[in-house]
Amino acid sequence: MQSALTKGTVADRIADALKRHGVEMIFAQSLPSAIILAAEARGIRQIAYRQENMGGAMSDGYARLSGKVGVVAAQNGPAAALLVAPLAECLKASIPVVALVQDVERDQTDRNAFQDFDQIALFQACTKWVRRLTVAERVDDYIDAAFTAATSGRSGPAALLLPADLLRSPAVEQGRSRASCLGRWPLDHSRPSDNDLRRVAEQIARALSPVIVAGGGVHCSGAAEELARLQEEASLPVFTTNMGKGAVSERHPLSAGVLGSLVGPGSLGFYSLQLMEDADLVVLVGTRTNQNGTDSWRQIPKAASIVHIDIDPTEVGRNYEATRLVGDAAETLAALRQALSKSDLTQRKVSRAVVEAKIATFWEQFELACEPQRTSPQSPIRPQRIMAGLQRFLERDITIVADASYSSMWILGQLRAPRVGARFITPRGLAGLGWGLPLALGAKAARPDRPVVAVVGDGGFAHSWAELETMVRMNLPVTIIVLNNGILGFQRDAETVKFGSYTSACHFSAVDHAGIAKACGCPSIRVADPAELAPALKRGIEGGGPLLIEVMTDPDAHPPLSLFAEMDKAA
């Protein structure tokens with residue numbers, strides 16, 4: 001219920017603007033209180049997190065799955081500082097989030113007021129845009145500017161600082177009324193020139209061994225269907241990056257799965273890398289060509305020509321000189337398909353059967369290599385066995401979320417996307433540990449009708465235990481799979497490879513994660529026998545309520561990353 005003290009105020013005006021932009025929920029903790037009261041009075045739901053770092057990740061997960069801007073709110077000072085990491089993730093991953101951050105009263109700035117801090121400087125490195133609203137006459141201007149910054153060009157986070165006294169001030173008539181809704185993304189749908197598109201179409205038609213590498217920008221643009229049509233019509237094999245997984249169906253005979261650093265012995269990439277090495281043309285779509293997506297920039301052949309499609313002109317050519325196709329991925333792919341329809345694609349059609357046979361062999365070799373672990377009866381349980389159990393549910397419309405580190409790698413390397421546009425949400429912008437659960441809660445808030453499964457390691461889960469209470473209180477039922485191996489697995493293994501030893505921080509004391517969940521009101525089960533996995537997963541995914549499944553996993557298991565290739569070959 002809105003207080004009479006907030007009616008007719010600047011906070012009221014802000015809430016009206018949020019409503020105009022289609023905001024349905026704010027991830028907050030009752031601050032700035034004036035805005036939350038006004039927003040709730042307008043039917044905007046507050047998802048009350050326990051900690052700002054997690055709230056920022058929730059708004060990220062919400063934006064990724066909803067197609068709307070995520071809105072997070074926080075108090076000034078330490079609360080605001082805790083938003084820096086999740087906003088930095090959004091900046092690197094191109095996710096539109098608007099942060100509404102309370103600031104000290106205007107006449108208290110630079111006087112050492114309680115929790116005063118230079119929040120402009122704080123957010124400059126982790127947002128596309130940060131401003132302070134200082135006058136009541138500019139409310140709509142600044143709210144619209146924040147949403148425009150978040151959703152236009154390469155999407156990302158924006159922060160608006162709101163002095164506490166201004167929020168309580170009387171609203172005033174704005175200079176000109178605004179009616180636009182800017183809450184969906186991407187806001188702009190630009191595409192390259194016809195001449196540039198024709199030139200690239202000719203390159204593709206002439207190429208002997210072209211491949212596509214699809215990144216997270218395909219999902220950001222809603223371009224999965226256009227990419228799938230291009231794959232089929234032009235007979236083009238498609239790899240994806242970590243964030244691009246699900247952009248095409250991995251059941252399609254021209255889909256070669258995730259590459260990047262997942263190229264160690266026994267991985268799909270261990271076999272499919274050959275296709276990349278033989279490529280004479282690489283078409284990059286919506287990818288930053290970052291370290292993990294290129295295995296430290298080693299994967300794209302030096303002799304190959306490169307075409308780069310991206311909305312951000314500064315990403316095109318950053319790491320690889322390329323033919324530039326700057327534009328929205330969906331619009332650009334649609335226009336490229338049109339250009340290719342006028343090209344002679346005989347070369348593509350003639351070579352298609354051979355390429356499909358190669359890719360089928362890669363998948364067969366991968367499945368054969370994984371089979372012993374996927375069917376292993378051993379305890380502690382192999383993570384591959386868990387992924388095999390989860391794979392059976394992927395034909396349904398479910399969302400898979402993973403925490404950073406090994407959790408992401410098991411999901412990306414072991415699961416096979418069954419359809420175009422399947423979503424596998426992983427924090428790969430900065431890959432901060434602990435964001436698996438809050439990303440899943442945000443995804444569930446975005447699509448409450450869709451089951452959400454979060455896969456987290458015990459190390460990462462320790463960062464976000466408190467949000468179990470949020471999940472229960474806010475009625476955001478998620479199935480949480482905790483891979484409990486008692487160690488920081490990546491830290492131990494990476495240190496061992498690099499230094500021959502690892503530090504004392506890698507091992508944990510025994511923790512009863514199932515007990516923690518029960519204490520928060522979340523049903524839970526501990527699984528130590530592989531035979532118990534299938535019924536536990538069925539209960540979680542089909543049950544409709546929250547469930548934490550703590551799986552006692554093999555501490556010696558690690559994903560087949562290139563970093564461990566020599567060690568794995570010697571094993």
Side-chain angles (χ1 to χ4, degrees), residues 49-54 57 82 85 373 376 378-387 401-411 427 431-441 453-472 478-530 532-533 536-537 540 546-559 561 563-564 567:
Y49 54 71
R50 295 300 296 260
Q51 196 242 48
E52 288 75 14
N53 188 313
M54 302 296 128
L82 285 167
Q373 290 79 32
S376 172
Q378 80 171 58
S379 297
I381 299 170
R382 295 287 301 189
Q384 295 95 324
R385 178 77 187 254
I386 303 166
M387 297 302 109
V401 181
D403 208 335
S405 196
Y406 281 173
S407 299
S408 288
M409 295 299 101
W410 291 123
I411 290 294
L433 203 59
W435 286 333
L437 176 57
L439 281 169
L441 297 183
V453 177
V455 177
V456 302
D458 53 343
F461 188 49
H463 292 243
S464 53
W465 287 339
E467 304 304 336
L468 285 168
E469 188 275 337
T470 302
M471 177 181 69
V472 173
V478 168
T479 300
I480 305 162
I481 302 172
V482 179
L483 307 179
N484 184 357
N485 60 7
I487 60 167
L488 281 172
F490 180 82
Q491 192 73 20
R492 179 201 62 182
D493 294 340
E495 288 177 353
T496 299
V497 167
K498 294 175 182 178
F499 305 107
S501 185
Y502 57 90
T503 73
S504 58
C506 294
H507 283 281
F508 303 133
S509 298
V511 174
D512 182 358
H513 300 89
I516 291 171
K518 288 177 182 176
C520 294
C522 173
S524 62
I525 183 173
R526 175 177 279 195
V527 174
D529 182 349
E532 299 172 356
L533 273 172
L537 291 171
L547 181 67
L548 182 139
I549 306 170
E550 181 180 20
V551 185
M552 310 309 291
T553 53
D554 183 357
D556 293 326
H558 62 248
L561 301 175
L563 178 63
F564 311 132
M567 178 173 65

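The basis for the numbers below is simple: all heavy atoms, side chains too, and nothing from hydrogens, waters or symmetry mates.
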May I ask you to test the [X]-[Y] pair for a side-chain heavy-atom distance under 4.5 Å?
X: M552; Y: I381; value: no
X: Y49; Y: E467; value: yes
X: T470; Y: M54; value: no
X: H463; Y: W435; value: no
X: V478; Y: V401; value: no
X: R50; Y: W465; value: no
X: L441; Y: L437; value: yes
X: L433; Y: F490; value: no

What's the spacing between [X] [atom1] and [Y] [atom2] if we round to 0.5 Å?
X: E495; Y: T503; atom1: CD; atom2: OG1; result: 4.0 Å
X: R492; Y: H558; atom1: CZ; atom2: NE2; result: 8.5 Å
X: W410; Y: D403; atom1: CH2; atom2: CG; result: 15.5 Å

Taking it one step at a time, do I481 and L537 satisfy side chain to side chain contact (heavy atoms under 4.5 Å, CB included)? CA-CA 9 Å; I481 302 172; L537 291 171; 3.6 Å; yes
Where [X] and [Y] come nearest, the two heavy atoms and their spacing:
X: N485; Y: P555; value: O-CB, 3.5 Å
X: I549; Y: A536; value: CD1-O, 3.4 Å
X: A404; Y: G432; value: CB-O, 3.6 Å
X: D458; Y: I487; value: OD1-O, 3.6 Å

When you measure from the side chain of [X] to the backbone N and O of [Y], does any donor-acceptor pair fall under 3.5 Å?
X: E469; Y: M471; result: no
X: S407; Y: G457; result: yes
X: R385; Y: L533; result: no
X: N484; Y: V551; result: no
X: Q373; Y: P383; result: no

Would you please test I516 and F461 for side chain to side chain contact (heavy atoms under 4.5 Å, CB included) and show each step? CA-CA 11 Å; I516 291 171; F461 188 49; 5.5 Å; no
Can D493 and Y406 be counted as having a side-chain donor-acceptor contact under 3.5 angstrom? yes
Please determine which of D556, T553, D554 meets the side chain to side chain donor-acceptor pair (under 3.5 Å) test together with R382. D554
Check: residues 520-527 side-chain donor-acceptor pairs under 3.5 Å, at least two apart:
{"from": "S524", "atom 1": "OG", "to": "A514", "atom 2": "O", "distance (Å)": "2.7"}
{"from": "R526", "atom 1": "NE", "to": "E550", "atom 2": "OE1", "distance (Å)": "3.1"}
{"from": "R526", "atom 1": "NH2", "to": "V511", "atom 2": "O", "distance (Å)": "3.3"}
{"from": "R526", "atom 1": "NH2", "to": "E550", "atom 2": "OE1", "distance (Å)": "3.3"}
{"from": "R526", "atom 1": "NH2", "to": "E550", "atom 2": "OE2", "distance (Å)": "3.2"}

